[in-house]
Amino acid sequence: MAEIIETRAGTMVENDSNKRRRLVEFKDGCRYGKFGKTKAYELIAHERIRAYKMGGKTLIDLDSVDEYHASLPRVETKAS
């Protein structure tokens with residue numbers, strides 16, 4: 001699934017540090033991040049992931065989704 005979304009990340013935009021942004025349509029960003037649209041809007045509102053508007057479309061930055069996933073706390077298990 002991630003490979004399909006990666007290939008669809010055709011909207012590449014140069015940013016300030018000459019790094020290309022991996023932007024995908026909103027539904028593909030939700031699928032990539034494994035969250036629904038309500039959670040996506042919540043993450044955008046709390047600036048946990050980045051989103052951009054292009055005309056009437058909302059595009060999600062896949063790098064920000066990766067950063068969000070990396071920031072999640074690890075599950076601690078109790079050793080017996």
Side-chain angles (χ1 to χ4, degrees):
M1 176 58 86
E3 298 81 23
I4 294 170
I5 293 174
E6 290 290 335
T7 58
R8 294 184 74 188
T11 307
M12 301 294 264
V13 179
E14 296 289 335
N15 65 10
D16 298 339
S17 62
N18 290 328
K19 182 180 172 193
R20 301 187 109 189
R21 291 186 184 143
R22 299 181 303 147
L23 302 178
V24 294
E25 291 187 19
F26 187 83
K27 65 180 180 177
D28 294 326
C30 291
R31 194 172 304 128
Y32 179 81
K34 296 183 175 40
F35 42 71
K37 64 180 183 177
T38 302
K39 184 64 173 180
Y41 283 121
E42 177 185 316
L43 294 171
I44 293 166
H46 290 103
E47 297 182 356
R48 298 297 306 272
I49 64 173
R50 291 181 297 277
Y52 303 90
K53 291 298 267 187
M54 183 175 70
K57 292 184 180 184
T58 300
L59 303 174
I60 293 180
D61 185 334
L62 295 182
D63 292 326
S64 70
V65 174
D66 290 339
E67 291 166 9
Y68 167 69
H69 284 160
S71 74
L72 294 174
R74 185 174 174 183
V75 175
E76 297 294 326
T77 59
K78 293 183 179 182
S80 301

Pairwise distance [atom1]([X]) to [atom2]([Y]) - rounded to 0.5 angstrom:
{"X": "K34", "Y": "K39", "atom1": "NZ", "atom2": "NZ", "value": "15.5 Å"}
{"X": "R21", "Y": "D61", "atom1": "CZ", "atom2": "CG", "value": "6.5 Å"}
{"X": "R48", "Y": "H69", "atom1": "CZ", "atom2": "NE2", "value": "10.5 Å"}

task: Check whether any side-chain heavy atom of L23 lies under 4.5 Å from a side-chain heavy atom of I60, and answer yes or no.
output: no
- request: Side-chain contact test, heavy atoms from C-beta onward, threshold under 4.5 Å: evaluate it for L43 versus F35 and give yes or no.
  value: yes
field: Pair Y32-D66, side-chain donor/acceptor within less than 3.5 Å
entry: yes
Lys/Arg N to Asp/Glu carboxylate O, R50 vs E67, below 4.0 Å: yes
Which atom pair, heavy atoms only, marks the closest approach of [X] to [Y]?
{"X": "R20", "Y": "D63", "answer": "O-OD2, 4.0 Å"}
{"X": "L62", "Y": "G29", "answer": "CD2-CA, 4.3 Å"}
{"X": "C30", "Y": "A40", "answer": "SG-CB, 3.6 Å"}

message: Determine whether the aromatic ring centres of residues F26 and Y41 are separated by less than 6.0 angstrom.
response: yes
- request: Check whether any side-chain N or O of S64 sits under 3.5 Å from a backbone N or O of I49 as a donor-acceptor pair, and report yes or no.
  value: no
- prompt: Can you check side chain to side chain contact (heavy atoms under 4.5 Å, CB included) on E25 and L59, steps first, answer last?
  reply: CA-CA 5 Å; E25 291 187 19; L59 303 174; 4.2 Å; yes
